[in-house]
Amino acid sequence: MTAAIVLAAGESSRMGRPKLSLELEGEPLLARAVRTARSVAEVVVVVIGAHETRYRPIAESFAAEVVVNPEWQRGIGSSLRLGVAAVAPMSERTLVTLADMPFVTGDHLRELIRIHRQREVSLVFSRYRDGRLGVPALLHRSRFESAQSLPDDRGARALATAAATVAAIDLSPRQEIDIDTPDDAARWSLNDPEVGSAPPAGG
């Protein structure tokens, strides 16, 4: 079975408000991420932290399992460990995605799964234009134990230590986009449902 972990625990400090509640084409960023994960995975786990009360209803509206990271300040590794622990008892493999990358598609996630099966590799990463490997990524269950031992400040790419078991597929320039700042929100015409407009650029 394929699971998906959507990481959504951060504070959104650069945005100045809970960014995953911002809406793109009438849909909150978190909802968009969970819906995309749900299109390819039988089980979706959303790891939330700083904005638990804001994000939980969005995740649960898609029948996602919610895991709360009370120590979200410690870094992405702490959230990934909790997500992997949640999916480990039931899944053969898990996708790992970030909720603030709204242009990642279900087709991209399906390609990660296809490469994993075709090449029989235990890790498949997305490759960025600068050559970095990162998420969205796929981890086979043989990597779950290592993922649960990651330090707080290290994400999935820290697992890429044995080249023979790693593959990568390219993200399109659009899919690389993440939403971090008011300028990003304005550029992509995101709306804040509380005020009916994008957060002010430059703020």
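What you see is a predicted model; the values in this text were computed from it and never measured. Because only heavy atoms are used, hydrogens play no part in the values below, and waters and symmetry mates are left out as well, while side chains stay in. Along the sequence shown, residues carry numbers from 1.
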**Asked** So, the side chain of R110 versus the backbone of V40: is there a donor-acceptor pair under 3.5 Å, distance only?
**Response** no
| query | Are R93 and T2 linked by a side-chain donor-acceptor pair shorter than 3.5 Å? | reply | yes
Discussion item. Assess, by modelled atom type and distance only, whether the side chains of S78 and D152 contain a donor and an acceptor separated by less than 3.5 Å.
Written reply: no
* Asked: Is the closest side-chain heavy-atom distance between V47 and V68 below 4.5 Å?
  -> no
Practice problem: Take atom CD of Q118 as the centre, draw a 6.0 Å sphere, and report whether it contains more than 12 heavy atoms from other residues, nucleotides or ligands. | Solution: yes
Checklist entry - Counting only N and O atoms by type, is there a donor-acceptor contact under 3.5 Å from the side chain of Y128 to the main-chain atoms of G134? => result no
Query raised in the report: So, the side chain of S189 versus the backbone of A185: is there a donor-acceptor pair under 3.5 Å, distance only?
Result: no
Is I76 close to R154 at the side-chain level, that is, under 4.5 Å between some pair of heavy atoms? no
Self-check item: Validation row: P136, L112 side chains within 4.5 angstrom (heavy atoms)
Solution: yes
* To do: Answer whether the closest heavy-atom distance between the side chains of E111 and R114 falls below 4.5 Å.
  => yes
Taking every heavy atom of L133 against every heavy atom of R157, the minimum-distance pair comes out as O-NE, 3.1 Å
Less than 4.5 Å apart, any side-chain heavy atom of V44 and any of E65? no
Query raised in the report: Within a strict 4.5 Å, meaning less than it, do heavy atoms of the V6 and V45 side chains meet?
Result: no
Item to complete: Could you check if a side-chain atom of I58 sits within less than 4.5 angstrom of a side-chain atom of V34, using non-hydrogen atoms only?
Response: no
task: Please determine if E25 and R32 form a salt bridge, counting it only when a charged side-chain N lies under 4.0 Å from a carboxylate O.
output: yes
Tell me, do T36 and T105 make a side-chain contact under 4.5 Å, heavy atoms counted? no
**Asked** Are the side chain of R38 and the backbone N or O of F62 linked by a donor-acceptor pair below 3.5 Å?
**Response** yes
Shortest non-hydrogen pair, G83 vs I5, comes out as C-CD1, 3.4 Å
Test H140 against E92 for side-chain contact (heavy atoms from CB on, under 4.5 Å), laying out the working first. CA-CA 6 Å; H140 180 260; E92 182 69 14; 2.9 Å; yes
Heavy-atom donor-acceptor pair, S172 side chain to Q175 backbone, under 3.5 Å = yes
side-chain contact (heavy atoms from CB on, under 4.5 Å) with L138: of V121, V124, I115, only one passes, and it is V124
Sequence neighbours excluded, the answer for salt bridge (Lys or Arg N to Asp or Glu O under 4.0 Å) partners of R119 is none
- Item | W72 reachable from V135 in the ILVMFWY side-chain graph, under 4.5 Å edges | no
